[in-house]
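Encoded as structure tokens, the structure appears first; notes follow it.
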Amino acid sequence: MLYTLCNEFSEEFLSDFLLSAGIVPEAHAKYSGNLDKLVFFFGDCNEVYTRDEISIIEKVENVLVYPDEPVRSNRGVVACRTIAINLEDNFTEQVQVCVALVKIIKKAFDGFSLFLFVFRRNVYFGCNLLSSKKRDWALSRPIDNDSKLIEVLSDLSSAPLNNFIEYYNCIKDVLLMNKADSEETYESIIFSQREYLSSFIDDLEQLGRDLRLNFNRVKQDFFQSLMADSPNKTYAALLNEAEDDMSFIKSKKVNTFEMLFDADEMLRLTIEVEELNAELVPKQKIPDIMSNSSDDEAKELINKPEEMIKLLKKRRGL
């Protein structure tokens, strides 16, 4: 499954694959082409891109964008889409380019995007995060075997489409799971997933015996290519480094949808704490950590979007 996905990237195959996995709503893409056209012809015409961003965009030739799925939120309907990008071996630093592409497409299009990044030997899933925190993206660990791919697809397809916050949090949690293992090195992640690697090496050695040729140099180059993303660093450190390296990619506009999403999250947390307090107060007295004048002010404006945006801008110093 993974081998076919990495080596037969086409609209027909990807559409059938993602539809059967329950990831996309239809068996055809609404856009198929290069990233250059997608961003500059169909993206936000008010955004400005740096020379470095344009250099990345121009290298991406094969992008599939699937039809939006409208998912209802407290603020209306959010356009949610799946984007598959074939990167082959055009970039040596896989994590950095995945992060860059999430940030670039987030600039170009509003709403929420789930990404599938396909390389020659592995894939990643990613998404844009809707929050005021520093990191505005999430990226899975590298997926190098069929069993892990099936597991992640199953978890992603279980995200409920009737409530955006639940859908968003489900996708985010799937991509950010296994934080306890984040101290593993990139090398240990790659070599713990040996199904594809073993098959490749076995075939190569058999070919060498049949032809009476020495493929040691080929094997060495193969393993070095797997280590292109700094094997001695932990994966968590690699993600932090990617954020630092790609921090120059940012939108020039104020995203009011993200502000309202923050407000909904604030309200949701407030309600959860109040419910918890109601359950625990008879047993023990605990402080109401969410009850202060600032949050009371936010709660009063929860049904007044324009006033809420003004409040959140004020809090952020905008």
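Not measured: the values here are computed from a predicted model. Every heavy atom of this structure was used, including side-chain atoms; hydrogens, water molecules and symmetry mates were not. Along the sequence shown, the residues carry numbers beginning at 1.
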Enumerate, atom names and distances included, each donor-acceptor pair closer than 3.5 Å involving a side-chain atom of residues 53-62, sequence neighbours excluded.
from	atom 1	to	atom 2	distance (Å)
Glu53	OE1	Thr50	N	2.9
Glu53	OE1	Thr50	OG1	3.1
Glu53	OE2	Lys107	NZ	3.0

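Side-chain contact between Val152 and Lys148 is present, with heavy atoms from C-beta onward closer than 4.5 Å. For the pair Leu38/Phe109, a side-chain contact is recorded, criterion being any heavy-atom separation below 4.5 Å from C-beta on. Within the 4.5 Å cutoff, the side chain of Tyr235 has heavy atoms near those of the Leu139 side chain. Looking at Val77 and Phe164, their side chains never come closer than 4.5 Å, going by heavy atoms from C-beta outward. Proximity of Asn128 to Asp136: side-chain heavy atoms (C-beta onward) are nowhere separated by under 4.5 Å. Residues Asp173 and Asp155 are not in side-chain contact: their nearest non-hydrogen atoms beyond the backbone lie 4.5 Å or more apart. The shortest distance between side-chain heavy atoms of Ile23 and Ser157 falls below 4.5 Å.
Evaluation of the ring pair (Phe, Tyr, Trp, His ring centres under 6.0 Å) rule for Phe119 yields Tyr124 as partners, not counting sequence neighbours. For Ser154, there are no side chain to side chain contact (heavy atoms under 4.5 Å, CB included) partners, not counting sequence neighbours. For Ser113, the side-chain hydrogen bond (donor to acceptor under 3.5 Å, both in side chains) partners are Arg81, not counting sequence neighbours. With sequence neighbours left out, the side-chain hydrogen bond (donor to acceptor under 3.5 Å, both in side chains) criterion links Asn34 to no other residue. Shown here are the side-chain hydrogen bond (donor to acceptor under 3.5 Å, both in side chains) partners of Glu47, two or more places apart in sequence or in another chain: Ser251. Evaluation of the ring pair (Phe, Tyr, Trp, His ring centres under 6.0 Å) rule for Phe115 yields Phe117 as partners, not counting sequence neighbours. Lys30 pairs by the salt bridge (Lys or Arg N to Asp or Glu O under 4.0 Å) definition with Asp68, not counting sequence neighbours. Remark: Pro160 pairs with Asn162, Glu166, Cys170 by the side chain to side chain contact (heavy atoms under 4.5 Å, CB included) rule, at least two apart or across chains. Ala138 pairs by the side chain to side chain contact (heavy atoms under 4.5 Å, CB included) definition with Cys127, Leu129, Leu175, Leu176, not counting sequence neighbours. With sequence neighbours excluded, the residues forming a side-chain hydrogen bond (donor to acceptor under 3.5 Å, both in side chains) with Asp44 are Lys253, listed by chain and number.
Proximity of a side-chain donor or acceptor of Tyr66 to a complementary backbone N or O of Ser15 within less than 3.5 Å is detected. Using modelled atom types, no side-chain atom of Asp110 and backbone atom of Ala79 make a donor-acceptor pair closer than 3.5 Å.
In this structure, CD in Glu241 is found 10.0 Å from OG1 in Thr234, a value given to the nearest 0.5 Å. In this structure, the separation between OG on Ser73 and CG on Leu130 is 10.0 Å, given to the nearest 0.5 Å. Residue Leu149 holds its CG atom at 6.0 Å from CE of Met1, rounded to the nearest 0.5 Å. Here the straight-line distance linking atom NZ of Lys103 with atom CZ of Arg135 works out to 9.5 Å at 0.5 Å rounding. Atoms OG1 and CZ, from Thr82 and Phe112 in turn, are 9.0 Å apart once rounded to the nearest 0.5 Å. For the atom pair Phe248 CZ and Asp52 CG, the distance stands at 5.0 Å (nearest 0.5 Å).
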Review point. Can you list the steps and then say if Val174 with Leu114 is a side-chain contact (heavy atoms from CB on, under 4.5 Å)?
Key: CA-CA 12 Å; Val174 171; Leu114 172 65; over 6 Å; no
Exercise for review: With side-chain contact (heavy atoms from CB on, under 4.5 Å) as the test, would you mind laying out the steps for Leu116 and Phe125 before giving the verdict?
Suggested key: CA-CA 5 Å; Leu116 170 61; Phe125 285 94; 3.7 Å; yes
Check your understanding: How far apart are the C-alpha atoms of Trp137 and Cys98, what are their side-chain angles, what is the distance that settles it, and do they pass the side-chain contact (heavy atoms from CB on, under 4.5 Å) test?
Key -> CA-CA 10 Å; Trp137 52 270; Cys98 290; over 6 Å; no
Exercise for review: Go through Leu14 and Val24 one step at a time and tell me if the side-chain contact (heavy atoms from CB on, under 4.5 Å) criterion holds.
Suggested key: CA-CA 10 Å; Leu14 258 293; Val24 299; over 6 Å; no
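Taking each heavy atom of Leu5 and Phe13 in turn, the nearest pair found is CA-CE2, 3.6 Å. Summarising the geometry of Gly111 relative to Val78, their closest heavy-atom pair is CA-CG1, 4.3 Å, with the distance given to 0.1 Å. Residue Val118 comes nearest to Cys6 through the heavy atom pair CG1-CA, 3.7 Å, listed as atom of the first residue, atom of the second, then distance. Of all heavy-atom pairs spanning Lys37 and Tyr31, the tightest one is CB-OH, 3.4 Å. Nearest heavy-atom pair across Ser10 and Leu64 is O-CD1, 4.2 Å. When all heavy atoms of Leu35 and Ile105 are compared, the closest pair comes out as CD1-CD1, 4.1 Å.
Placement of Ile83 and Phe41 within a single hydrophobic cluster is found when ILVMFWY residues are connected by side-chain heavy-atom separations under 4.5 Å, directly or transitively.
Applying the side-chain hydrogen bond (donor to acceptor under 3.5 Å, both in side chains) rule to pairs touching residues 16-27 yields Glu26-His28, sequence neighbours excluded.
Within a 6.0 Å radius of CD in Glu88, more than 12 heavy atoms belonging to other residues, nucleotides or ligands are found.
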